[in-house]
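Just so it is clear, the structure is predicted and the values come from calculations on it, not from any experiment.
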Amino acid sequence: MRSSFFHDPTEDDELEPRNEVFWSALIDRIRTDGFARPPRRVLDIGCHRGGLLARIAEHWKPDELVGVEPIESARTRARLRLQTAAPTVLLLGVDEWRRVPHSSIDLVVSHEVLFLVPDIGELVVQVARVLAPQGRAYIAAGCHAENPVWPAWRERLEDMGHQTFTHSPMDLMASAGRSGLIPSVRPLREGGWATHDPVGDFAFPTVQALLDHQFKHKLLFRLVRP
């Protein structure tokens with residue numbers, strides 16, 4: 001699974017504050033979805049600097065945190081940030097999935113990474129391989145084929161030098177089914193404030209487009225074993 005994740009330092013600095021509201025919604029959805037027991041081993045696909053894993057560690061105090069992240073400098077930052085967040089912390093490159101044991105992960109999370117992944121089928125195969133029998137995977141994505149603002153955003157990202165990929169939400173669900181997982185989907189957020197500064201690279205043409213993105217097109221997929 002190879003991809004070109006954000007690597008501009010300025011963009012990196014701005015990324016986490018923008019994601020906070022979505023991370024909070026993701027954790028709320030996972031919590032209300034319920035677990036047979038608190039997740040002891042958590043894996044974040046595209047963990048970047050470890051912000052989401054740090055938030056999850058505060059909630060569930062897992063024994064092990066695993067991050068898969070292609071940017072070495074981001075992995076270094078995450079390693080420093082998470083060193084006291086759990087007894088075991090493992091930060092991996094995208095070619096090191098083999099280091100994650102089969103059926104070992106209780107909770108897999110990923111936020112806004114799919115558009116940087118060339119082969120979501122390969123990604124889902126790895127998720128299915130590492131997911132524990134009672135484990136669950138939650139994948140949040142807004143940059144996809146069904147979101148009307150995505151083509152303009154993709155063009156801007158390509159101009160900035162990022163390689164991106166357009167995937168259909170149904171492609172992810174079909175890949176899950178082929179890998180023996182049961183896929184479900186819902187909007188990530190149902191309500192609240194949509195905070196947005198229109199001066200920037202990824203603006204919305206209208207307020208309605210902003211609301212549609214945050215409360216309609218920003219999706220949360222759940223993948224579980226039968």
Side-chain angles (χ1 to χ4, degrees), residues 5-6 8-35 38-39 42 44-60 67 69 74 77-78 81-82 85 107-116 136-157 160 162 164 166-169 172-173 183-223:
F5 284 49
F6 289 110
D8 180 84
T10 302
E11 181 69 28
D12 286 347
D13 291 340
E14 296 173 354
L15 198 60
E16 190 161 320
R18 290 205 307 261
N19 285 336
E20 283 288 347
V21 66
F22 301 114
W23 289 349
S24 294
L26 174 59
I27 291 171
D28 284 344
R29 298 291 164 261
I30 295 170
R31 186 170 56 234
T32 57
D33 215 22
F35 278 95
V42 180
D44 183 5
I45 302 169
C47 69
H48 202 239
R49 295 177 175 179
L52 178 55
L53 281 175
R55 294 281 298 275
I56 288 173
E58 292 175 2
H59 282 274
W60 286 296
E69 168 59 46
R77 291 281 293 271
R81 181 180 196 167
L82 300 171
L107 173 62
V108 175
V109 296
S110 181
H111 176 260
E112 210 58 85
V113 168
L114 291 185
F115 72 98
L116 297 165
R136 296 178 180 181
Y138 295 86
I139 299 174
C143 297
H144 53 74
E146 293 186 15
N147 191 340
V149 302
W150 169 237
W153 286 4
R154 182 179 187 186
E155 182 177 354
R156 177 59 183 150
L157 287 165
M160 294 167 64
H162 301 296
T164 64
T166 298
H167 299 298
S168 161
L172 174 61
M173 299 182 78
S184 304
V185 66
R186 54 159 297 155
L188 176 61
R189 301 182 69 202
E190 291 184 327
W193 291 98
T195 302
H196 173 68
D197 182 351
V199 179
D201 291 319
F202 303 100
F204 295 87
T206 64
V207 167
Q208 189 60 56
L210 167 63
L211 295 174
D212 285 345
H213 170 72
Q214 292 217 7
F215 303 117
K216 178 180 177 182
H217 297 302
K218 187 89 166 183
L219 302 175
L220 179 62
F221 300 89
R222 183 186 66 189
L223 311 181

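- Looking at H59 and P38, their side chains never come closer than 4.5 Å, going by heavy atoms from C-beta outward.
- When all heavy atoms of A140 and L220 are compared, the pair lying nearest together is N-CD1, 4.1 Å.
- Side-chain atoms of N147 come within 3.5 Å of backbone N or O of G142 as a donor-acceptor pair.
- Not a single donor-acceptor pair under 3.5 Å links the side chain of R222 to the backbone N or O of I30.
- Note that CG of L26 is 11.5 Å distant from CD of E112, once rounded to the nearest 0.5 Å.
- Between the CG atom in N19 and the CG atom in L52 there is a gap of 9.0 Å [rounded to 0.5 Å].
- No salt bridge links E69 with R49; every basic N to acidic carboxylate O contact stays at or beyond 4.0 Å.
- Across all non-hydrogen atoms, the minimal contact from T195 to Q214 is O-NE2, 3.8 Å.
- Rounded to the nearest 0.5 angstrom, R189 CZ and K218 NZ are separated by 10.0 Å.
- The two atoms that bring I45 and V113 nearest to each other are O-CG2, 3.5 Å, heavy atoms only.
- When all heavy atoms are compared, the tightest approach of F221 to A141 is CE1-CB, 4.4 Å.
- Between atom NE2 of residue H144 and atom CZ of residue R154 there is a gap of 14.0 Å, rounded to the nearest 0.5 Å.
- With rounding to the nearest 0.5 angstrom, the CG atom of L219 is 11.5 Å from the CD1 atom of I139.
- Partner of Y138 under the side-chain contact (heavy atoms from CB on, under 4.5 Å) criterion, out of I27, L107, L223: L107 alone.
- Remark: H111 NE2 to F22 CZ distance equals 6.0 Å, nearest 0.5 Å.
- Side-chain atoms of P148 and H217, non-hydrogen and from C-beta on, do get closer than 4.5 Å to each other.
- Residues F204 and H213 approach most closely at CE2-CB, 3.5 Å, considering heavy atoms.
- In summary, R77 and E16 do not engage in a salt bridge, as defined by a charged side-chain N under 4.0 Å from a carboxylate O.
- Not less than 6.0 angstrom separates the ring centroid of W150 from the ring centroid of F202.
- Nearest approach of W153 to C143, heavy atoms of both residues: CE3-SG, 4.0 Å.
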